[in-house]
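The structure presented is a predicted model; accordingly, all values stated were derived computationally and were not measured. The residues of the chain are indexed from 1 along the displayed sequence.
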Amino acid sequence: MFSRLIYRNAKRSRKENLIYFATLVTAVASFYIILSLGRQDVILFLKEFESDSIDKLLSKMPIVYLFALFLLFFLILFANRYQLNRRSKEFGLYLMLGMRKERLVFQLLAEGLITSVLALIGGILIGGFLAEIISLTVSKLVGQGIIGHQTSLSVGAIFFTIIGFLFIQFIALAILGGRLFNQEVYQLLYEQTDKKQNMGHFKGNVLHILVGSVLLGVAYWIILYHFMDFAGLLLFVALALGSLGTIFFIRGFGKLLGLLASLSERKSTKGLHTFTLRQFQENIANRSTSVAVTSILITLSIILIANGASTILTSGNNLYNRNSSIYDFTVNGNNQKVEDFLTSKKMSPYVEDLNLLEMGRMRHQGERLEDGMPLSFVDWSKLREQIIMALPSNYKDQILSGKMQNYEINSENPEALNLFGVLETDTTTPYLIPESSYNGLLEAIGEKPLNLHSDEIALYFNPDFMPMDHPDSMPVLDHILEKAAKEGQSLISINDQAIYIRPSIPMRGLVADRSVRIFSAFIVPDPMFEQILDTETYVSYWNFRIPQKLQDQQGLMKPMMEARELLKSSGSEFESYLQNFGRQLFYVVAGSYTVLYMGFLFLIIACTVLGLQFLTQMKQTGQRYVTLSILGAKRNQMKKSMHRQVLWTFLLPMSLACVSGAVGIRAMISFVIIYIENQALLYPIAFTFACIVIVTMAIYGVAVARSADHEIDKLRWKPNID
């Protein structure tokens with residue numbers, strides 16, 4: 001009999017408080033997803049290339065898990081307190097009928113256990129399904145067949161999800177059970193509404209709003225203009241000021257809501273306008289701190305979702321960006337064994353555009369300058385003069401006056417400054433690439449060979465390290481070289497021999513990943529390469545691509561994995577585009593999984609708190625609706641009033657959060673913490689962020705409204721309610 005009572009009460013509680021139960025299921029699912037990350041295909045794939053980084057990422061997951069448990073504990077405590085308040089009379093009747101308090105507390109814990117077990121079952125099933133979807137989606141993203149997909153069910157994730165969730169549920173119920181144990185029967189039978197709060201004086205409430213507005217304004221100013229000052233310490237000051245400002249503003253605004261009712265022209269009961277405003281005012285004013293906290297949580301949610309989504313979009317667009325990368329594999333060495341293996345029967349199906357890359361430093365004379373630097377073969381003074389002339393005046397003056405000694409190469413600099421900095425550093429003993437090696441690269445991309453004359457070279461700038469808008473175009477350099485070509489002018493000399501520079505050549509990455517880390521080089525005719533090369537610096541690499549026909553049949557990644565296994569079996573040192581791809585994919589995972597997880601968790605907690613807070617107030621003020629029915633109010637009128645209250649309850653914290661979130665996102669974009677490469681996508685992406693938050697809150701708002709409708713429907717026995 002007792003067990004049947006426990007089961008029936010647990011079932012009824014889930015039906016009457018579906019919002020809370022759905023949030024528990026969502027929390028369990030999110031716990032499982034974050035804990036099972038190590039079993040997902042994307043992580044298994046990345047461990048092949050970024051094992052150290054992946055281990056560091058996974059080592060931080062328990063911290064994220066514990067922080068999420070900490071947040072969920074307070075949500076469960078708040079929600080269960082609402083449940084106990086709802087059932088106060090029921091518990092009082094149990095005690096009146098002779099049930100001992102110990103047995104009542106045990107009943108409460110047993111009901112909570114049943115609800116928790118069902119939430120765990122539903123959450124783990126949903127979490128497992130979503131983990132599979134995420135894993136398969138990423139597999140599709142990186143190329144179908146990249147990994148032999150295996151079920152990512154994680155026994156460890158299930159275990160820690162169950163243990164952690166049951167632990168915080170037990171602690172919360174034990175705390176509330178102790179509170180129930182200490183209450184007397186009359187306190188349970190005659191539940192009291194919250195004491196009416198002092199709405200304060202008009203001047204005091206206006207002062208609260210002004211103080212809140214000033215604090216928010218200062219926080220916004222710090223974030224927009226001093227985001228990274230003092231190593232980011234001011235950010236914490238801004239967060240503290242913004243949080244205090246939100247609390248003061250909502251507290252003052254909530255208490256002044258009564259003015260809207262008193263100033264309204266519709267002071268009658270028409271549409272229950274005044275009643276609606278008074279209910280809304282009481283709900284906000286009496287719980288202003290918790291409403292402010294939900295607004296702060298929504299703000300953090302907006303910023304985190306924006307950050308995580310921008311990471312996915314920006315990095316995701318770059319995953320397949322092969323503008324500068326040509327080759328899929330680079331094998332070290334120029335011995336006959338390497339060449340024989342790459343052209344062997346078992347390897348040749350995976351090899352196309354095989355090309356030998358040779359390179360090294362230019363020889364220098366034995367004499368040295370007073371500062372110890374080698375005397376250079378290269379005289380590029382004429383080219384140097386032309387580049388300086390192309391600089392903006394402020395940079396030109398610094399260089400001519402000798403004030404600029406160090407050169408930082410970055411995308412924020414003018415092209416001419418980056419050119420000058422690279423050549424000033426590299427032309428003492430520049431890297432050399434023979435024309436035949438680079439012609440092999442050009443052939444792979446369908447470009448014409450260089451066909452350099454004996455007194456002609458081409459300047460190469462590595463697009464992987466040299467900022468440029470497009471690897472086929474450097475406008476400033478091209479203009480200088482084209483002008484010199486028309487005039488037949490030599491801008492550079494090597495060992496006192498006039499050398500002409502070929503303008504406008506395509507520039508691509510020399511190797512598959514990072515084995516050649518240079519900014520610039522001279523592409524020279526093969527005889528010149530042999531004459532002026534410092535043989536001690538000579539290195540060579542074999543580059544090749546996966547055949548296009550094989551890519552069309554199987555995709556890129558599967559044959560790359562097969563070729564990689566063959567190369568490993570040969571014992572050759574090599575690198576592949578998979579390493580570059582895996583590195584970028586790791587940035588997507590590390591930069592998005594955690595922040596998106598926390599963003600959605602904050603949003604769900606904020607919505608649940610708002611919903612349960614509204615339902616708590618409605619339960620405590622239920623007799624007012626009974627009074628309205630006696631006075632002649634119709635059920636539809638009361639429902640419309642309640643729907644407006646729900647709308648305003650969610651809109652108030654969300655409106656302030658949208659303003660704060662927009663300021664935060666704007667600052668993060670300005671300081672390149674959130675980066676959208678395609679600026680045309682900025683507004684659609686911002687709209688998408690807003691829709692995600694609005695839709696989530698709308699779902700919770702509708703659920704709260706339906707629960708409140710159910711409460712009003714219980715009033716049908718009143719004579720005038722229909």
Taking atom CZ as the centre, does F73 end up with more than 12 heavy-atom neighbours from other residues, nucleotides or ligands that are less than 6.0 angstrom away? yes
Please lay out, stage by stage, how Y220 and V659 fare under the test side-chain contact (heavy atoms from CB on, under 4.5 Å). CA-CA 10 Å; Y220 294 162; V659 175; 3.8 Å; yes
For L120 and I162, which heavy atoms make the closest approach, and how far apart are they? CD2-CA, 3.9 Å
Any residue meeting side-chain hydrogen bond (donor to acceptor under 3.5 Å, both in side chains) with T299, in chain and number order, not counting sequence neighbours: none
Can you see which heavy atom on A657 is nearest to which on I302, and at what distance? O-CD1, 3.8 Å
Out of curiosity, I305 CD1 to T696 OG1, how far, rounded to the nearest 0.5 Å? 7.0 Å
Correct closest heavy-atom pair for M642 and A705 would be CE-O, 3.5 Å
Interatomic spacing from CD1 in I247 to CD1 in I296 - rounded to 0.5 Å: 5.0 Å
Show your reasoning for whether side-chain contact (heavy atoms from CB on, under 4.5 Å) applies to V291 and Q613. CA-CA 9 Å; V291 174; Q613 181 174 283; 3.2 Å; yes
Flag side-chain contact, heavy atom, 4.5 Å: F614 against Q279: no
Is there a donor-acceptor pair closer than 3.5 Å between any side-chain N or O of S243 and the backbone N or O of L239? yes
Would you check if the side chain of E575 reaches a backbone N or O of D513 as a donor-acceptor pair within less than 3.5 Å? yes
Sorted by chain and number, sequence neighbours left out, ring pair (Phe, Tyr, Trp, His ring centres under 6.0 Å) with F31 holds for Y65
Is there a donor-acceptor pair closer than 3.5 Å between any side-chain N or O of Q551 and the backbone N or O of I546? yes
Is there a side-chain contact between L109 and L113 in this structure, where contact means two heavy atoms from C-beta onward sitting under 4.5 Å apart? no
Between I665 and A306, which heavy-atom pair has the shortest distance, and what is it? CD1-CB, 3.6 Å
Which pair of non-hydrogen atoms, one from F650 and one from G611, has the smallest distance, and what is that distance? CZ-N, 4.1 Å
Could you measure the distance from the OG atom of S707 to the CD1 atom of I712? Nearest 0.5 Å is fine. 11.5 Å
For the residue pair F74 and F70, does the interplanar ring angle fall in the parallel (under 30°), tilted (30 to 60°) or perpendicular (over 60°) class? perpendicular
Measure the OG1-CZ distance between T26 and F21 for me, rounded to the nearest 0.5 Å. 10.0 Å
Rounded to the nearest 0.5 angstrom, the CD1-CD1 distance for I163 and I168 is 12.5 Å
Chi angles and distances behind the side-chain contact (heavy atoms from CB on, under 4.5 Å) call for Q553, L550: CA-CA 5 Å; Q553 292 174 351; L550 198 59; 4.1 Å; yes
L118 side chain reached by L24 side chain, heavy atoms, under 4.5 Å: no
Can you check whether L304 reaches L603 side chain to side chain, under 4.5 Å on heavy atoms? no
To check you understand the geometry: which heavy-atom pair defines the closest contact between I33 and G127, and what is its length? CG1-O, 3.6 Å
Heavy-atom check, side chain of H643 versus side chain of L647, under 4.5 Å: no
Side chains of L71 and M598, heavy atoms from C-beta outward: is any pair under 4.5 Å? yes
Side chains of F167 and L69 in contact at under 4.5 Å (non-hydrogen atoms): no
So, do I298 and M697 sit near enough that their side-chain heavy atoms are less than 4.5 Å apart? yes
What is the distance from atom OG of S301 to atom CG of L601, rounded to the nearest 0.5 Å? 9.0 Å
